Each structure stands twice: as structure tokens, then as C-alpha cells.
Amino acid sequence: TEGWSTDQQAAWLEANGALWKPDVVIAFPFENDIVQNGETMYGKLPKPRYAVDGTLDNTNLQEPPPKPFKEKWALPLLLLGKDQGSASTTKVRGASRAIKTEFMAVLNDPPEDVGYDQDLDHTRGALKAMKATAEELGARLILAPIPGKAAIVESYRDGQFAWQVLRGLDQAEWDANAPVEQFLGMAKHLGIESLDARQSLAARQAELEAKPEAGSNSTYFDVDWHLNAQGNRALASFLYDSLDGTPGIPAAVAKVDDWPAAKDTSGGLPGWLKWYVSLWVLVGLLYCVTYRDENAVASFLKVGVMIGLVFTIAIGGTRLIGMLPPSTATLAMVGVIIVILGFVAYKLGDRIGTICELLKAFVLRGHWYLMPLVVVLLTVGSLLVVAASSPLVAPFIYTLF
């Protein structure tokens, strides 16, 4: 659920907890919840916020209205964009660019204008309200903060997290474990039982990385910080080991004879290889049908080599670029494109003059409405002409497509 932070969990428990007659209530806060707990709005809609004493700060809440048209379909979302309540950024001294405000929880000294101390107070208020509701329900409340990926995966912490999320901020200025420590500190202060999954997840992560076939897989998504299926299984296993046989857990739930086996995703062909083979067969057949006079075996080999070069450039180039800091990676990518387009302009030679005359003729005749079509056709045509006449640069041009 979008924007589902600790205060919304507390409000939900107050409204719906009795229906479940819970024996145990486990809350799973995450690092960006702290900043969100200090907000009264998420996007365009009001959200609950608790005062430090555990009472609702704002009671003027409403049911979300029906989604507008642009949020019901993928195409309007793509073209018009979607409001994100957590997309605000904050300038932090020492960072190359503004940092998303939701990551203030990892900074040792968040900027004063963010109001992070107040966010912590509102988070304590939400936890206090949750504790009061759990006591009324006669349930055992447990706080189990989910550690961020940067707290578990060292390569992510020192790489993508440090450069892309925190914008190159000096590592002495932040601590990936700070959010979990803050939640555990609040739980201790409020007398709430807590579970710390970091040691268990870190051990599982080390085991996973030690496997030869692990590759780039990790306990968490490679793209961002959310738990994937494997990470959820690891967290569930930790909870099971921690809670099995403890007071408050019904015997029918605690004694599970066998967990379902994890789906083995290590076998089979890699995704890129499936695409390669499919394209090779498809394009090879089309080539053979189009050029019947050429040897079929040689045609298939030429197509396979060309597609292989494109895949090598695309996959290898992406991984090489990913090893660079974001600012350097952007310059490198722009530089490669400029070199390729410069070579295209050089190979076109006198044809550029003809292209300019054609564009000038359309402009002088007032056919502005045709310009987008003409530009696209000329661009694609020029690239194909150069690709056909220069086999060495052809794979790079096809990769751009």
C-alpha cells in the first residue's frame, strides 16, 4: 500500500484490530517511515499523524476518492506522470545533488530545516498508540524493523547507495544502520518487545554471496531496497526461529512441520540468452527468406555474430557504466553517443548538404506539420545507410536502437 507508514499501521490497528482477535501483533517499520510519520499529507490526500503522547494530531481524515482517469491506465501514467508523496528532496552539504528527504533517517546530522527531530516524535507517538491498542486487545506487540539493503549488502552500501542515493556524501556523515537503531531505541524506551533481523539477514547474505552460482543475486532486489521473494523468505524464517514456542503464539501456529520448498530459479537458460536465441532464429529466417541466393548457413552465422555483438555492447557496456560513479557514468554515456553520431556525420559526407536542403524546402513551403515525420525518417535512414556501409560501427548503431 503506497505511503503505508507506522502511523497508518497504528490507525489501522485501532480501527480493525479487534476483528482479528490477535494473540500477537508484529509491526514492521522501515527507514523511510520516520519522515513519512511527520507528514499530514501523502500526495494530495490527508494521512494520519500522531502527537508524541500517542493521540491523533489530525482527525480530519477522509476515504480516498475514486482514482482519476490518469491513474487507472498505464499510458496516461507514463505520459503525464504520477504524484509521489515521498519524492521531495533536501539539499545536504557535501552531497553532489539533493537527496530524497525520506533518507534523512540514515544521516548522522540531518539538516535542521527538515524537522527530523519532530518526525522522530511523531514516530514515537504512533508506536505509543499502537502499544495502547495492543494492550486493549490483550495482544503481545512486537516491533521488527526491516533493515535497509545498505545495512546488509556491503557492495550496495559502498556503491549504488553511496553514489546514487546519497549523492556521494562522505561516509562519515551517514550510517545505514541508524534507522534500525532508532526504532529499537524507541521500542526500548516505550517498553515494546523488539526483534533485530540484521544479524540473521547478514549471515544469510554472506552464505548467498559465497555460492559460486550466486552471481549478482542478493537477499534484496538489485534495483532498490525492497525485499524480494528470497528476502521475504529469509525474514519469515528469522521470525519463525525467534518466535517458535514463545508465549502468546498458539501451538497450532507455532508448530509447523514443514515449510514449503523455495522455488529453484537457478536452473534454465539466462534471460538474455533466451532473447538472443529467439532473435537469432527470427532474424536469421527473415534474412534467408529475403536473400535466397546466399548460403543459408553463412547467413545464419552472419546474423548470429551481428546480434551477438549488439548483446555484448549492450550488456557489457551497461555493466561497465554501472561500475562508475553516476556523474562519470552520465558523461561516459554521452561521450559514446557523441562519438557514434560524429562518425555517422563523417560517413554521410556530402549527403548532409542534401538533407539540409530538404529540410529548408519543407520550412520555406510552410509544411511544419511534416517536420517530425521527415526528421525521424532522415535520422533512421542516415543511421541505416552508415550501418550498411560500415560493418564495424553497425553493432553500435543497432545497440542505440
Side-chain angles (χ1 to χ4, degrees), residues 74-81 96-97 163-164 272 275-401:
L75 187 59
L77 283 175
L78 178 65
L79 297 177
L80 303 177
S96 60
R97 290 168 57 190
W163 288 102
Q164 295 185 11
W272 65 266
W275 277 102
Y276 172 77
V277 173
S278 301
L279 285 173
W280 187 2
V281 172
L282 176 62
V283 178
L285 289 174
L286 289 174
Y287 190 95
C288 290
V289 170
T290 305
Y291 303 98
R292 298 177 182 272
D293 296 336
E294 295 190 22
N295 182 274
V297 176
S299 298
F300 262 98
L301 288 177
K302 287 191 290 186
V303 170
V305 171
M306 178 62 75
I307 296 178
L309 288 172
V310 172
F311 270 68
T312 300
I313 294 170
I315 298 174
T318 300
R319 291 186 177 178
L320 288 174
I321 292 293
M323 296 170 63
L324 300 174
S327 56
T328 307
T330 302
L331 292 176
M333 181 64 73
V334 172
V336 170
I337 294 175
I338 289 176
V339 169
I340 294 174
L341 296 181
F343 181 81
V344 170
Y346 168 75
K347 293 294 291 184
L348 287 175
D350 295 338
R351 296 187 183 92
I352 294 180
T354 305
I355 292 172
C356 291
E357 290 179 9
L358 181 61
L359 294 175
K360 181 180 178 181
F362 274 94
V363 172
L364 293 178
R365 292 176 181 232
H367 297 318
W368 292 96
Y369 63 95
L370 289 175
M371 291 303 291
L373 178 61
V374 173
V375 169
V376 170
L377 289 176
L378 288 174
T379 302
V380 175
S382 300
L383 290 175
L384 290 177
V385 168
V386 174
S389 61
S390 304
L392 293 178
V393 77
F396 293 92
I397 293 177
Y398 294 142
T399 304
L400 286 181
F401 280 95

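Remember, predicted model here, so these are calculated numbers, not experimental data.
- Taking each heavy atom of I313 and P395 in turn, the nearest pair found is CD1-CB, 3.7 Å.
- No donor-acceptor pair under 3.5 Å is formed between the side chain of Y287 and the backbone N or O of A296.
- For the atom pair L341 CG and I337 CD1, the distance stands at 7.0 Å (nearest 0.5 Å).
- Considering OG1 of T379 and CD1 of I355, their distance stands at 8.0 Å, rounded to 0.5 Å.
- Contact record, F311 with W272: CE2-O, 3.4 Å, taken as the closest heavy-atom pair.
- Inter-residue side-chain proximity for F300 and C288 is flagged as met; some heavy-atom pair is nearer than 4.5 Å.
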Report task. Could you go through the side-chain contact (heavy atoms from CB on, under 4.5 Å) check for L359 and M371 one step at a time? Result -> CA-CA 8 Å; L359 294 175; M371 291 303 291; 3.8 Å; yes

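- Under the 4.5 Å side-chain criterion, counting only non-hydrogen atoms from C-beta, V344 is in contact with L348.
- The shortest distance between side-chain heavy atoms of M306 and V283 does not fall below 4.5 Å.
- Taking OG of S278 as the reference point, atom CD1 of I307 lies at 10.0 Å (rounded to 0.5 Å).
- Here the straight-line distance linking atom CG of L378 with atom CZ of R351 works out to 12.5 Å at 0.5 Å rounding.
- Rounding to the nearest 0.5 Å gives a distance of 9.0 Å between NZ of K302 and CG of N295.
- Atom CD1 of I315 is separated from atom CG of L320 by 12.0 Å, given to the nearest 0.5 angstrom.
- Under a cut-off of 6.0 angstrom, the local environment of CE in M333 is sparse, with at most 12 non-hydrogen atoms contributed by other residues, nucleotides or ligands.
- Under the 30°/60° scheme for interplanar angles, the aromatic rings of F362 and H367 are found to stand perpendicular.
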